[in-house]
Student: 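Quick one: the structure is below, questions incoming.
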Amino acid sequence: MERPRHQGMAKNTCMRWRLPLVCLLWEVAMIVLFGVFVRFGPEADAHWEEEKHQMNLTSDIENDFYFRYPSFQDVHVMIFVGFGFLMTFLKRYGFGAVGFNFLLAAFGIQWALLMQGWFHSFQNGKILIGVENLINADFCVGSVCVAFGAILGKTSPIQLLVMTLFQVTLFAVNEYILLNLLHVKDAGGSMTIHTFGAYFGLTVTRVLYRPNLEQSKDKQGSVYHSDLFAMIGTLYLWMYWPSFNSAISEHGDAQHRAAINTYCSLAACVLTTMAFSSMLQKKGKLDMVSREPRALEQCFVSLQHTPGPLSKRDGAREEPSREQGNKAPLPWLCTTFLHQGRSLPEAILTISILCRFIKAFDFTGSYKTRTPSVQGGFQAAGIFVSLLMAFAGGALVGAILKLPIWGDAADENC
Amino acid sequence: MERPRHQGMAKNTCMRWRLPLVCLLWEVAMIVLFGVFVRFGPEADAHWEEEKHQMNLTSDIENDFYFRYPSFQDVHVMIFVGFGFLMTFLKRYGFGAVGFNFLLAAFGIQWALLMQGWFHSFQNGKILIGVENLINADFCVGSVCVAFGAILGKTSPIQLLVMTLFQVTLFAVNEYILLNLLHVKDAGGSMTIHTFGAYFGLTVTRVLYRPNLEQSKDKQGSVYHSDLFAMIGTLYLWMYWPSFNSAISEHGDAQHRAAINTYCSLAACVLTTMAFSSMLQKKGKLDMVSREPRALEQCFVSLQHTPGPLSKRDGAREEPSREQGNKAPLPWLCTTFLHQGRSLPEAILTISILCRFIKAFDFTGSYKTRTPSVQGGFQAAGIFVSLLMAFAGGALVGAILKLPIWGDAADENC
Amino acid sequence: MERPRHQGMAKNTCMRWRLPLVCLLWEVAMIVLFGVFVRFGPEADAHWEEEKHQMNLTSDIENDFYFRYPSFQDVHVMIFVGFGFLMTFLKRYGFGAVGFNFLLAAFGIQWALLMQGWFHSFQNGKILIGVENLINADFCVGSVCVAFGAILGKTSPIQLLVMTLFQVTLFAVNEYILLNLLHVKDAGGSMTIHTFGAYFGLTVTRVLYRPNLEQSKDKQGSVYHSDLFAMIGTLYLWMYWPSFNSAISEHGDAQHRAAINTYCSLAACVLTTMAFSSMLQKKGKLDMVSREPRALEQCFVSLQHTPGPLSKRDGAREEPSREQGNKAPLPWLCTTFLHQGRSLPEAILTISILCRFIKAFDFTGSYKTRTPSVQGGFQAAGIFVSLLMAFAGGALVGAILKLPIWGDAADENC
């Protein structure tokens, strides 16, 4: 908050009008597009009574709303409080982290409703939305929040909005390729949300890397209370993960199972992460927590990205690589690796894990003939498409963000 | 916390016994009244099995509890964490804000259960309560919390309790007039909760205005961490707003629709509010957030009071007037306008907005003959009744609070 | 965080490997036990469709998941955010409290799933789990969190893990004796969770008492922001208590009733607690909150342990004894009494309260013949068994924790 202001001012004299203009123009565009395209889905529409008769439902409680709404609110809290407060660990950046996360997520969910709607809920020229669309929009924005963690503190709000616009678009395309063309199984969004989001953010950060920022390491520290605020974010991401993974599972046993699996898997992860975290600590003594609060926090941070519907036995697969992030020589790595360090091993592991899972799926319709090993190939293809989209898309968006029109922050302020 | 104590002590020597006495006497009164009047409603009563047969329900899941409980808990969090932490932005007043909010809300919900019960759930001399009554009691207390925002830091806990007692009473009367006599449509409580609460609080503050407080402006500042705490409140109010608006909608599509509408509308509001907030900032440069954390917070604060079930297109109607609050010359305006500055334009807008909505309502029974324009007139009447109740009631309650028996805080402590 | 490090280091040289080793070994044991014993229950299994036909259910919404999941997530938040942040009031111990609470709770729920499963959900050599098991595991861990409050800041993480292992085991045994052998009614877990947890923690602390800690009282203070963090915990425990009490009630009216009862009872408790808190304050003046933030917090802390499904009329039974904790001469009492001071009177009250309640229960099957007074005897027996288990178990576990192998914290660090 006490940053030197002169250069920032000199560089961005017309900033006063740029952010409001971008926000208002985009919001007007959203409102027009919503007016033209978006309508209530059959379960939210006033004709629900007829729908109920047609679908032979006996009670209002069988509206999809009651199957999904509690999970939706939990996911909503994860995006805004979970990711928002997770980023508050930098002592100078608490307010900005929560506020910018709020701004980009609020914009992102609108654009995601439209993009995902065009791909998945488009009927007779209209997008029909229901509670499941809201959850999917939140998921999509979750991927942007992961990427936001990588460029934390290095960008202006306009750059964030531009990145959100492009990332949501690429997310929807990637999701369409994986789910509708390759017919990949991606419960919990390991590929579409986590792998894509992490490498996208990493690539953007690499492109935006400015060597002058080497010396600003002092601004990357944390203070005691900023760590406690970050714990709020960490805990909410951890606690509501069962809702995240079960939110759009099929009604009944599938939702039930996803929640139980995630609950057990997450509990196991806490112990293994603590173990590795304490082991890799230089002075990994007894009260590493009180002496090195960051250590514990890091392990929690990495923990949140545990992919979802893993069986109990996969809980122990946390790997030490993430810890290295701390000693990365380049500033652009610092905030990045903290979040992304575990994505590559994750990608590799995902193949084997998902292949094991396939046995549990019943392929029906035209995919009935897929053997587990054929499906395994499609899963691997899904990962490589996600990585490709992340790297190519990230490089492109990074280049766009480097254009001098977005009013990026002066070096001293980063 | 380090306030000078002497005068406060001199003034309130018998305070030690006054607050406990008021709390205990009122609680005893509540317990007696609950014992005499309150009984479980048919869906919470042990005779639910018979009820189920009578209503031809096939499963326990059709109990109203399962339709409303998740939304109820979200509303509960909004009242106690949302409003409580929202008020922590004053650096000296974080603990008091959360604690007093807790005290007044806990008292208010008991009295609201009784008052609203007498008006709306009274059968054979008993108030029959269910989960819907709990939600309505929380709504009513929400209106008190809005008013509490206006007098923050200027009153003693006893004064707050007295204000709560009167405001809840007036709220229930106003609600009865609007909903049962005028048959006004007030989903989301724009009139009964927000307009009434805001102007009631504003009027009470005006009456309690003490010129000596002009010089205590230094106590109205915020610090970095107090702003982050306020963000917790802000985010919870924002995130759970869909639950707030859909909590007591009709089962099925109506609840579904209210949640979707609010979700989209709120997302739109974030962008427009950010735009106006940044535009009105004197040095509205790029990183207004890091340089002027208050700016962002204000826009969030004003955001929360966005009335609910508006269509997407109304998202852009945030108006700049609220920002002026900051420069208001009188101390009593400072904390007030922050919350209430947008209520008058809101009131005016509400008429036009609601009239548009009416087309979507099917009037049944004896109100079937009401044309949209007749209903529009009733809506306008509803607003004026609410304003009248707020001004007259606020003036009366303000005068009562000025009586020297409540042990108000000494000037230096405000 | 700025504790002197030398002695801690000298004492615990091999700590670097001990905590990781314990965590990993135990997690491996958990994974093996889960692999051998744990399977999905019928409502979470892929054979749910057949189950549905057998049980004559018409819709997926009648899966137990939809009856219990929202309450489960609320209880989950209570354990991790509620208890975690509740303990942050000590100025030096915020991060440790939240982090250690996270560690022990994550370990505890795995062990509780197994222990409670063996006693209550064991069929054909397998433990069948569903959402109700998750809730029960969280309840069991709640008891450990209560005990953790008593030894806050005096133990190493390994000691906490060992204590958790034993306490969960004893909890399951005690629960089995009370519910399955004595057929005691213990809605809300007054005996199994609160009484047992509190006295267990108290006994462990007494055994671990070290006279040298007398002079470390300065570390037991709180600061302004640590109190606000503690308020987060307090509020979440308070707000979600209706979910805690209704989470495993029977479907339909029973769940509905438990939530309403808890809501009303808790609201009443706020007023009476404030009254006694303010009365017992030496300078219990008007703004005791701003002058003595601890006072308010204490009353909230004690408030949380209000047992659940009491009728409105029991709201006023908060007793002043808890307040004395503050002036207790021995350090081991300081953190303990804060949480446990009210347990004995609670235990005594519980008998009379529960006896009153029994009239509302219909005894069926082989317990039909129990008269209220016979049942009253069994209730009293339940309390004494709980106390016995707490004292004997606590003494044993305390003695185990005193063994020099766990690397306990050096005196100066406590």
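Naming convention: chains lettered A, B, ... in sequence-line order (proteins, then strands); numbering from 1 in each chain.
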Student: To check you understand the geometry: which heavy-atom pair defines the closest contact between B/R257 and A/D45, and what is its length?
Tutor: NH1-C, 3.3 Å
Student: For A/A46, is it the side chain, the backbone, both, or neither that has a heavy atom closer than 4.5 Å to a heavy atom of chain B?
Tutor: both
Student: Using heavy-atom distances under 4.5 Å, tell me whether A/I79 contacts chain B through its side chain, its backbone, both, or neither.
Tutor: neither
Student: Sort A/L21 into side chain, backbone, both or neither according to what part of it lies under 4.5 angstrom from a heavy atom of chain B.
Tutor: neither
Student: Roughly how far, to the nearest 0.5 Å, is the CG atom of A/N101 from the CE atom of B/M231?
Tutor: 9.0 Å
Student: Against chain B, label A/N63 side chain, backbone, both or neither, depending on which of its atoms sit under 4.5 Å from a heavy atom there.
Tutor: side chain
Student: In sequence, state the C-alpha distance, the side-chain angles, and the governing distance for B/V270 and A/F107, and then conclude on side chain to side chain contact (heavy atoms under 4.5 Å, CB included).
Tutor: CA-CA 8 Å; B/V270 176; A/F107 168 65; over 6 Å; no
Student: Where does B/S59 contact chain A at under 4.5 Å (heavy atoms): side chain, backbone, both or neither?
Tutor: neither
Student: With side chains defined as the heavy atoms from C-beta onward, is the minimum distance between A/Q73 and B/S243 less than 4.5 Å?
Tutor: yes
Student: To the closest 0.5 Å, what do you measure between CD (B/E62) and OG1 (A/T58)?
Tutor: 5.5 Å
Student: With no hydrogens and no angle check, do the side chains of A/N133 and B/Y263 hold a donor and an acceptor under 3.5 Å apart?
Tutor: no
Student: Before giving the answer on side chain to side chain donor-acceptor pair (under 3.5 Å), spell out for B/D74 and A/Y69 the whole-Å C-alpha distance, their side-chain angles and the decisive distance to 0.1 Å.
Tutor: CA-CA 11 Å; B/D74 295 347; A/Y69 191 70; 4.8 Å; no
Student: Does any part of the side chain of A/V81, heavy atoms only, come nearer than 4.5 Å to the side chain of B/M239, both counted from C-beta?
Tutor: yes
Student: Check whether A/F80 gets within reach of chain B through its side chain, its backbone, both or neither, counting any heavy atom under 4.5 Å.
Tutor: both
Student: To the nearest 0.5 angstrom, please state how far the CG atom of B/L271 sits from the CH2 atom of A/W26.
Tutor: 9.0 Å
Student: Quick one: what part of A/D138 sits under 4.5 Å from any heavy atom of chain B, side chain, backbone, both or neither?
Tutor: both
Student: Taking all heavy atoms of B/P70 and all of A/P70, pick out the closest pair and write down the distance.
Tutor: CG-CG, 3.9 Å
Student: Can you tell if the side chain of A/F65 reaches within under 4.5 Å of the side chain of B/D253, non-hydrogen atoms only?
Tutor: no
Student: Treating B/H256 as the side-chain partner and A/V131 as the backbone partner, does any N or O pair qualify as donor plus acceptor under 3.5 Å?
Tutor: yes
Student: Donor-acceptor check, side chain of A/Y66 to backbone of B/G252, threshold 3.5 angstrom: yes or no?
Tutor: yes
Student: Within the 4.5 Å heavy-atom criterion, are A/C23 and B/T272 side-chain neighbours or not?
Tutor: no
Student: How many angstroms lie between atom CG of B/L228 and atom CG of A/L228, to the nearest 0.5 angstrom?
Tutor: 11.5 Å
Student: Between chain A and each of B/S246, B/S71, B/P242, count heavy-atom pairs under 4.5 Å; write down the option with the most.
Tutor: B/P242
Student: With A/H76, which of B/W241, B/Y240, B/W238 fulfils ring pair (Phe, Tyr, Trp, His ring centres under 6.0 Å)?
Tutor: B/W238
Student: Heavy atoms, side chains only, cut-off 4.5 Å: are A/I129 and B/I260 in contact?
Tutor: yes
Student: For B/L57, which atoms come within 4.5 Å of any heavy atom of chain A: side chain, backbone, both, or neither?
Tutor: neither
